[in-house]
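Okay, so here's the structure we're looking at.
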Amino acid sequence: MSLATEFDTVTRLMQALTALAMIVVALEWQAMQASGVLRDVWREETLRGWWGWRRLLMRDGITRAMPWVQTSLASLLLLAAMLDDRRDSMGAMAAAGLAVSVWHTAVRVRGTMNGGSDGMLFIVLLMLALATAPVSTRVQHAAVVFVAAQVLLSYLRAGLVKARERDWWNGTALSAFLAIPAYGVPRWIPRSPLLLRVASIGVIAFELAAPIALVSTSSALMYTAVAWCFHLATAVVFGLNRFVLAWSAALPALWFAARLLHATG
Amino acid sequence: MLLRLLFPSWAFFDRVTEVPRLQARVTAHDGTLGPWHDLLQAPPRTWRSVLYHPEGTTHLALHSAVDRFAMECTLGEPDATSRALVVAIVEHQVRARFAQDDQPAGRWEWRIIAAPAVPTDGDAVRVMCGGGLPS
């Protein structure tokens, strides 16, 4: 398969997974608005000063319409991933629009909704817009490589900060995180000290091993499979559902980065 | 905000430190002090929550606002907008959780305490910040 065909396949996969992630984001945003918490907590009169010039974009009507806008754009992105003819810029515009919507939500609530997953979704959307826009092949490839770099950085940085902490090596840190009430970790999750120690070392090893994904396309695939299981486990244990969605959309970029590295020698 | 989204810190679950907890209690008109209640409790989860969990996402967003204000209090630079958001969270949670209860009418107080992730007997509660709800 040629590099161009592989790039096309990877970006289509990323488009489809990002579209599904954004549909979930839209549904959650809709549910949050319906519950009244947005109106009660993130009040316009409280945030108007902080918004500054952005307040024009934070009007109630725009916020209320956002889930519908996101669902429509995500549907277009999904369609773009499935269309044979990719000459138009529908996918690029849909991705760019969705990136703006992620930014809008972050400004509306003065922060991220779901930690780093919002950042990863924003990065994937913005880079997908660039990767599928009518720009040079080099820029398109660079956009996907940027996503891969952020994925690698996300694991490496997280691994390095854990590796520096003695409590992470002996399982105490993981035990403490499991006990934090905010995460509501299910009671059935086993917490034996030995298991937590093994799991902790496993997490550090997995995160620090991220560069292995670049050794070959096979290692990228294997690392992606382990990474996906890791995010699934995080969702089950800590309830961080959006991390599965955001990283699922980003992980195919690792494969392409490994492929590109080999193609260029 | 744009830069924070484009270049996140990626330092997940690095260090176990004290966990900020938002609490509230009522002071009845006769001066009786009620017990402190934790206001932000993780919503229950089902298998569906692995992919779709609006209650959990809302919970995390509320927690982020509380964590941010707690951090500002620790640094001695509490921001007025952050404080207003926390007060709004308290009002929302108190209304949602105690509306049906037989709570005595009175003045609500709130505080953010720094609690160890794994509480043990004899832990001293460190109050990071607090206040009353406007009546």
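All chains are named by letter (A, B, ...) in the order of the sequence lines, taking the proteins before the strands, and each is independently numbered beginning at 1.
- Using cut-offs of 30° and 60° on the angle between ring planes, the pair A:Phe230 and A:Phe206 is tilted.
- Counting heavy atoms from C-beta on, the side chains of A:Val185 and A:Val237 come closer than 4.5 Å.
- When each of B:Ala80, B:Ala115, B:Gly56, B:Ala88 is scored by its heavy-atom pairs under 4.5 Å with chain A, the top score falls to B:Ala88.
- Among B:Ala65, B:Pro54, B:Ser64, the residue making the largest number of heavy-atom pairs under 4.5 Å with chain A is B:Pro54.
- Chosen from A:Ala182, A:Ala21, A:Gly49, A:Ala235, the residue pairing most often with chain B at heavy-atom distances under 4.5 Å is A:Ala182.
- Contacts between B:Ile89 and chain A at a heavy-atom distance below 4.5 Å involve backbone atoms as well as side-chain atoms.
- Ranked by heavy-atom pairs under 4.5 Å with chain B, the list A:Gln30, A:Met127, A:Met32 is led by A:Met32.
- With chain B as partner, the option from A:Val24, A:Val25, A:Val37, A:Leu245 having the largest number of non-hydrogen pairs under 4.5 angstrom is A:Val37.
- Between B:Val86 and B:Arg68, every side-chain heavy-atom pair lies at or beyond the 4.5 Å cut-off.
- Of the charged side-chain nitrogens involved, none lies within less than 4.0 Å of a carboxylate oxygen, so that B:Arg95 and B:Glu91 do not count as a salt-bridged pair.
- The two residues A:Arg191 and A:Leu178 have their closest heavy-atom pair at NH1-O, 3.6 Å.
- In this structure, chain B has a heavy atom under 4.5 Å from the side chain of A:Leu126, while its backbone stays farther away.
- For A:Trp42, the parts lying near chain B are the backbone and the side chain together; criterion is any non-hydrogen pair under 4.5 Å.
- Each of B:Val19, B:Thr81, B:Leu60, B:Asp79 has some count of heavy-atom pairs under 4.5 Å with chain A, and the biggest count is that of B:Thr81.
- A cation-pi arrangement is present between A:Arg54 and A:Trp50, with the terminal nitrogen or guanidinium carbon under 6.0 Å from the aromatic centre and inside a 45° cone about the axis.
- Using modelled atom types, one finds a donor on one side chain and an acceptor on the other under 3.5 Å when comparing A:Trp247 with A:Ser154.
- In this structure, A:His231 has its ring center under 6.0 Å from that of A:Tyr155.
- Comparing B:His92, B:His63, B:Glu55 by how many heavy-atom pairs each has under 4.5 Å with chain A, the most go to B:His92.
- Taking A:Val244, A:Leu27, A:Leu47 one by one and counting their heavy-atom pairs under 4.5 Å with chain B, the maximum is reached by A:Leu27.
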